[in-house]
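Written out below as structure tokens is the structure these notes cover.
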Amino acid sequence: MTTDTTTKTPEAAAVPPPGHTPAKKRVPQSRRRLLTRRDRITLALMAGVPTILHVALVWVTAIASIFLAFTTWDGIGFDSIKWVGLDNFKQLFNDNPQFWPAVEHNVIWFVVLILIPTPFGLFLAVQLDKRIRFSRVYQTAFFLPVVISMACIGFVWQLVYNPDTGLINSIIGANKPGHYIDWIGDPHLNLWAVLIAASWRHTGYMMILYLAGLKSVDPSLREAAALDGAGEWQTFKSVIFPTLRPTNTVVLVVTIIEALRAFDLVFVFNKGAQGTELLSILVTNNIIGESSRIGYGSAIAVVLLVISLAVIIPYLIATFRKERRA
């Protein structure tokens, strides 16, 4: 008896017989549907609600302010809105005795912040970058005013400036009748008193920004400078500080924005009266004040917006150009 034995190779075994359709590999349903309906609803709410609030509270109000700047409106009924063109801006530039002092105070605010707390914040960052003992404690102590509300800072400094029981008058002996120094009520002193409080907070902000910039400096640059015999000051001036150019740009923009948006501290001190007028205070007083001149207040807000955009847009253009080159 003869038996035919056929040996199949692996390639032949892998070829399906004619007319046979290979079955599709079943993918588990859990893999095909990564997100359930509940997950999609949750993500839509998490992304949609903040987006709607941002558009409604920021973009819609900004566009509405630009439109209302060319109208007069007392805030009672939309039928009372009247188009006046550029009259609000003409009155603002020519007939408002508080406008130009407010602009001057905003400029002073920027100059003080850029000349005093910014270099001091850089100095603190350089010292903390040396990894001295308890550096974390120092960072927390200096950065603490940044995370505290500006209103709370205003209340704290009101206690410091109190003519009768305040810390400063008690130290210099000006807390006796006839010798009081009214740091908040005196129009020649109150702006500088507020700026000291603002600088106290701004120093910690600048310290963190510069400390982040110093952490990104290549250590080999310091080593090369040390091998060339450069001292600590020469290394910082010729090697470290030039590498902080991006950080300096951010610091400049942030400081300008801080000077333009200054409001909370001044409002807590004396509501922007008697020598502490600011553009933000004028906007608030005209929109929600007793007179409720919403169109006129919107015109001031538009001026503040234009000044802000004049600073922010060049910064964004320069940033986008760097990203494209990279």
Side-chain angles (χ1 to χ4, degrees), residues 96-121 123-124 137-138 140-207 254-292 297 300 304:
N96 192 334
Q98 293 181 323
F99 175 72
W100 292 112
V103 174
E104 180 183 354
H105 294 160
N106 278 105
V107 173
I108 293 175
W109 199 286
F110 165 72
V111 172
V112 171
L113 290 186
I114 204 67
L115 291 182
I116 298 178
T118 299
F120 189 54
F123 171 77
L124 294 177
V137 177
Y138 297 142
T140 304
F142 288 122
F143 189 69
L144 187 61
V146 182
V147 299
I148 298 177
S149 169
M150 290 293 287
C152 294
I153 293 177
F155 289 129
V156 170
W157 280 89
Q158 272 188 329
L159 299 176
V160 174
Y161 287 133
N162 188 284
D164 190 13
T165 60
L167 175 65
I168 297 180
N169 279 3
S170 299
I171 292 177
I172 64 177
N175 58 344
K176 300 177 182 178
H179 299 280
Y180 287 134
I181 298 179
D182 191 358
W183 299 97
I184 300 177
D186 191 340
H188 299 289
L189 298 175
N190 50 18
L191 179 63
W192 305 107
V194 177
L195 283 171
I196 291 175
S199 299
W200 176 65
R201 176 186 179 274
H202 197 69
T203 298
Y205 196 1
M206 297 297 101
M207 179 200 70
V254 167
T255 305
I256 294 175
I257 294 175
E258 286 288 320
L260 292 175
R261 64 185 290 270
F263 172 80
D264 316 56
L265 203 58
V266 175
F267 194 81
V268 170
F269 265 63
N270 62 352
K271 295 182 173 54
Q274 299 179 354
T276 57
E277 298 87 354
L278 295 173
L279 291 175
S280 57
I281 297 293
L282 295 184
V283 173
T284 304
N285 290 342
N286 282 277
I287 291 181
I288 64 174
E290 297 178 357
S291 59
S292 188
I300 304 175
L304 190 57

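As the structure is a computational prediction, the values presented were derived from the model and not from experiment. Sequence positions, counted from 1, serve as the residue numbers for this chain.
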Ala198 and Trp109 have their tightest heavy-atom pair at CB-CZ2, 3.6 Å
Given Asp164 and Asn169, is the side chain to side chain contact (heavy atoms under 4.5 Å, CB included) satisfied, shown in steps?
CA-CA 7 Å; Asp164 190 13; Asn169 279 3; over 6 Å; no
Mind checking the OG1-CD1 spacing from Thr284 to Ile287? Nearest 0.5 Å is all I need.
7.0 Å
How far apart are the closest heavy atoms of Ser280 and Phe263, and which atoms are they?
OG-CB, 3.6 Å
Look up atom CD1 in Ile196 and atom CD1 in Ile168, then write down how far apart they are to the nearest 0.5 Å.
6.5 Å
After noting the C-alpha distance and the side-chain angles of Val254 and Tyr205, does the key distance pass the side chain to side chain contact (heavy atoms under 4.5 Å, CB included) rule?
CA-CA 10 Å; Val254 167; Tyr205 196 1; 3.5 Å; yes
Tightest non-hydrogen contact, residues Pro145 and Ile153, listed as O-CD1, 3.3 Å
Between Asn270 and Thr276 (side chain of the first, backbone of the second, donor and acceptor by atom type, cut-off under 3.5 Å), is there such a pair?
no
Between CG of Leu278 and CG of Leu260, what distance do you get to the nearest 0.5 Å?
10.0 Å
Judged by atom type as modelled, is there a donor-acceptor pair below 3.5 Å linking the side chain of Asn162 to the main-chain atoms of Leu167?
no
Can you see which heavy atom on Ile114 is nearest to which on Pro119, and at what distance?
O-CD, 3.5 Å
Where the side chain of Asp186 meets the backbone of Asp182, is there a donor-acceptor pair that is under 3.5 Å apart?
no
Hey, what's the ring geometry for Phe142 with Tyr138, parallel, tilted or perpendicular (30° and 60° as the breaks)?
tilted
Measure across Ser199 and Pro117 and return the closest heavy-atom pair with its distance rounded to 0.1 Å.
O-CB, 3.5 Å
In Å and rounded to the nearest 0.5 Å, what is the CZ to CE distance from Phe120 to Met207?
10.5 Å
4.5 Å side-chain heavy-atom contact, Ile172 and Ile181:
yes
Checking His202 against Thr255 for the side chain to side chain contact (heavy atoms under 4.5 Å, CB included) test, could you report, in this order, the C-alpha distance in whole Å, the side-chain angles of both residues, the deciding distance, and whether it holds?
CA-CA 9 Å; His202 197 69; Thr255 305; 3.4 Å; yes
Closer than 3.5 angstrom, by distance alone: can the side chain of Gln158 be matched with the main-chain N or O of Ile184 as a donor-acceptor pair?
no
Hey, mind stepping through Ile300 and Leu304 against side chain to side chain contact (heavy atoms under 4.5 Å, CB included) and telling me if it holds?
CA-CA 6 Å; Ile300 304 175; Leu304 190 57; 5.8 Å; no
Assign the ring pair Trp183 / Tyr161 to parallel, tilted or perpendicular, where the plane angle (0 to 90°) is split at 30° and 60°.
tilted
What closest approach, in Å, do His105 and Glu277 show between heavy atoms, and which atom pair accounts for it?
ND1-O, 2.8 Å
Do Leu195 and Ile116 come within less than 4.5 Å of each other through their side chains, counting heavy atoms only?
no
Can you tell me how far apart CG (Leu265) and SG (Cys152) are? Round to the nearest 0.5 Å.
11.5 Å
How long is the gap from CD1 on Ile108 to CG on Leu113, to the nearest 0.5 Å?
12.0 Å
Can you tell if the side chain of Val194 reaches within under 4.5 Å of the side chain of Trp157, non-hydrogen atoms only?
no
